[in-house]
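Lettering of chains follows the sequences in order, A, B, ..., and the numbering in each one begins at 1.
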Number of protein chains: 2
Amino acid sequence: MSPEPMRDESAFLASYDPRAYDPVAVTVDVVALTIRDDALHVLLVRRGGAPFEGMWALPGGFVHAGGRREAEDLPDAAVRELAEETGLSAKGGLLGRVHLEQLGTYGTPGRDPRMRIISVAYLAFAPELPDPEAGGDAADAAWVPVGALGLTESGDQRPGTTRRLAFDHARILTDGLERARDKLEYTPLATAFCGGEFTIPELRAVYEAVWGEELHAGNFHRKVLSVPGFVESTGATSDKGGRRGGPRPRLYRAGDARLLHPALLRPSREEEIR
Amino acid sequence: MSPEPMRDESAFLASYDPRAYDPVAVTVDVVALTIRDDALHVLLVRRGGAPFEGMWALPGGFVHAGGRREAEDLPDAAVRELAEETGLSAKGGLLGRVHLEQLGTYGTPGRDPRMRIISVAYLAFAPELPDPEAGGDAADAAWVPVGALGLTESGDQRPGTTRRLAFDHARILTDGLERARDKLEYTPLATAFCGGEFTIPELRAVYEAVWGEELHAGNFHRKVLSVPGFVESTGATSDKGGRRGGPRPRLYRAGDARLLHPALLRPSREEEIR
DNA sequence: TTATGTTCTTCTCATATCGAGATGAACTCA
DNA sequence: TGAGTTCATCTCGATATGAGAAGAACATAA
C-alpha cells in the first residue's frame, strides 16, 4: 500500500498482523466521587489478587477490545467496571444519574508490573449512593473519605497513611480531585452530587466539601440565584429545618445552563496561581 | 492467585499471556496549533497509504509499547511523531519551546477500519515555525488555516470542503480548538504562540485569531497589565510601528503566572452557556 | 413552655472589575 | 505634507464581589 512498504515497519505490521506488534493492553479506571456526611468520598476496591494484593485501587479493568467478545466503547467499559466491581447498577439503575467524563490517560512504562498498560481514567460525580458490594476481582469495595488517604499535591500519599493505593492511582485520584474542584467553578456539576431536588444550603455543602473551605452563606445564596440557568425553583419548601435549627429552606432543581456565567470562583485561589 | 481463578478469565489471561488477549493498538495524534498571518493554523499531513490514502490527517502514529523496541512514554511518542512526520525538530530544537498537553483519548470501535485502535490525542501550542517537510508515512505536510477545513460544532466537516480529514480527526481537531479557546481564558498560554518577546498588540492578535472575534484594544491592554504575572516588561520598545501606522509598541515577555486571575473572559460566551 | 442558639434569606455598603467610548501622541503610507 | 492608523491611557456608568448585619423560622435543652 505504501510506496516503500518497509519504510515504517511498525505501521506496516500493525496494519496486517496486530498480534505481531508490541503487546499492549488498555484498561479503564474510574474516579467516582460522592458526598457523604458533608465529606467528599471516593469509591475504592480492595484488590483480591496480585499485583498489589490487599491494597486499595480505583475500580477498573480491561476494555473489551473486540477479539473474542464484542468491542465496547470506552465510556461503556467504565460503566461496566463500575457496576461489576461494586454492584451499584444492579440495584435498579442507580448509575443512571451519574455524570461521567473522561479524565485523562496514563501510560508511563512500568506503571503496571505485568506488562505495558495504557489506562483511560474517567471521572464520575454521583449523588449519595448505597454502600457498594464487592464483585469481580474486588475483595472489598467501599466509599472512602478522600481526606483519609493522605494525598499530597504531587500525587503521592503521605507516609503513615494506612490505606495505600495501588499502581499510580494516587496520582489519578489527585488529578480527578483537581478536575472536580475546577469544574465546580464554571459548570453546574455540583448539582450532580445532589438528588433531583435540593436546597441552596445543600448545594453549598457540596462546594464546601469539594473545595475544603467554608463559604459565605449570604453571598453564595445571592450568587447561585443570580447566575442564569443554574437552579430553578420548585416552589416547594423542605419539610424540615436545618439539622441544628433555622427555617425550612426552599427546594430547587438543576437548571438548563451548561456553563456558569459569571463563574463561582473559589476564594483561596491566590496560592495556586504561580 | 485469585480464589476462583476462572471467575474473570480476561484479567487472568492478560496477567500471564498478553498476546492471548484482545488485540488492540495504541497511537498518539497531535493537534499542533500556531498563528500565521493573524490566522490560526493546524499542522496536517497527507496520508501516503491506506486507509484514507490522499486525505489529510493529524500527525501521529503507533506508540512504541515495549515489545522489540524500547518502551516510550506517551508525551515522548507525541514529540517523536511530530518530528518524524514533519521534520520540525531536526532544524535545531525547534520543538523545544512548544507547549504540549494531553487532549483526550478516542477509542470508539470502528474509528480505524484496520483494527481496534485507541488514540491518545495531544494538543500543542507553538510560536510561528517554518514550513514542515514530509517524512515517515506522510506524503505531504503543511500548516493549514483551520478556517479552510469547514468544521462544524458537532465535529464534522461541511459538505464541499476540499481538504477532507481522515478517521475521526475532525472531531479531535474540533475538541482541540475548543480546549485552546478555553485555556486562553484562564491561563497565560497565549504567550506560547508568541516568541520570547512580544507586544501587547501581538498578544491581542493571538486571542483574536483563536477566538475569531475582535477585542477592544484599550480594555485588553488594561486587562493584560492588571493581571499579576501575565506579562513582564522588558523595558525595550519595538523598533517598528504597526503595519499600518501607529507608535512603536513596548516589548514584554511571559510572566510567571500559571493561572490568570481574574480570567480574561471572551465576550460572546452567552450563546454557549446553554 | 421557655430560653438559647443556629440557620435561612434578604439587605446594605464599600470596593473591584468590566464594557464602551474618547483622547493625544507616534507612526506609516501616499 | 497630509490623511489615516495604532498605541497607550483615561473616564464613566453598569455590574460583580466580599464582608457584615438583621429579622424570621426552627431545633434543642432546660
Looking at C:dT7, I'd like to know if its phosphate oxygens (OP1 or OP2) sit under 4.0 Å from a side-chain N or O belonging to A:R244.
yes

For C:dT10 and A:R250 - does any side-chain N or O of the residue sit under 4.0 Å from the phosphate oxygens OP1/OP2?
yes

Under 4.0 Å, heavy atoms only, any strand: does A:K223 hit a base, just the sugar-phosphate, or nothing?
sugar-phosphate

Value in whole Å for how far the P atom of D:dT17 lies from CG of A:L215:
13 Å

In whole angstrom, give the distance that lies between atom NE2 of B:H221 and atom P of C:dG24.
19 Å

Quick one: which of A:L58, A:L129, A:L33, A:L82 gives a side chain to side chain contact (heavy atoms under 4.5 Å, CB included) with A:L43?
A:L82

Using atom names, set out every protein N or O paired with an N or O of nucleotides 21-23 of chain D below 3.5 Å, distance rounded to 0.1 Å.
none

B:R243 vs A:G245, nearer the 5' end of DNA chain C by closest nucleotide:
A:G245

State whether B:R248 places a side-chain N or O below 4.0 Å from either non-bridging phosphate oxygen (OP1 or OP2) of C:dA26.
no

I need the CG-P distance between B:L203 and D:dC7, as an integer number of Å.
12 Å

B:E101, CD: over 12 other non-hydrogen atoms inside 6.0 angstrom
yes

Here's a test for you: under side chain to side chain contact (heavy atoms under 4.5 Å, CB included), which of A:D168, A:D156, A:L149, A:L151 qualifies with A:T174?
A:L151

Within 6.0 Å of CD in B:E232, more than 12 heavy atoms from elsewhere
yes

Considering every strand and a 4.0 Å limit on heavy-atom distances, what is the contact class for B:R222: base, sugar-phosphate, or nothing?
base

Whole Å only: how far is the NZ atom of A:K240 from the C1' atom of C:dT7?
16 Å

Steps toward side-chain hydrogen bond (donor to acceptor under 3.5 Å, both in side chains) verdict (A:D175, A:Y106):
CA-CA 11 Å; A:D175 291 347; A:Y106 299 79; 2.6 Å; yes

How close or far is atom P of C:dT9 from atom CD of A:E202, stated in whole angstroms?
11 Å

Please check if any side-chain donor atom of A:T105 sits under 3.5 Å from a side-chain acceptor atom of B:T105, or the reverse.
yes

Could you tell me the separation between the CG atom of B:L265 and the C1' atom of C:dG19, rounded to a whole number of Å?
13 Å

Distance flag, aromatic centroids of B:Y207 and B:F220, threshold under 6.0 Å
yes

Rounded to the Å, how far apart are B:N219 CG and C:dT17 P?
14 Å

Separation of atom CG in A:L225 from atom P in D:dT15, rounded to whole Å:
18 Å

Map B:Y252 and B:G246 onto DNA chain D by nearest heavy atom, then report which one ends up closer to the 5' terminus.
B:G246

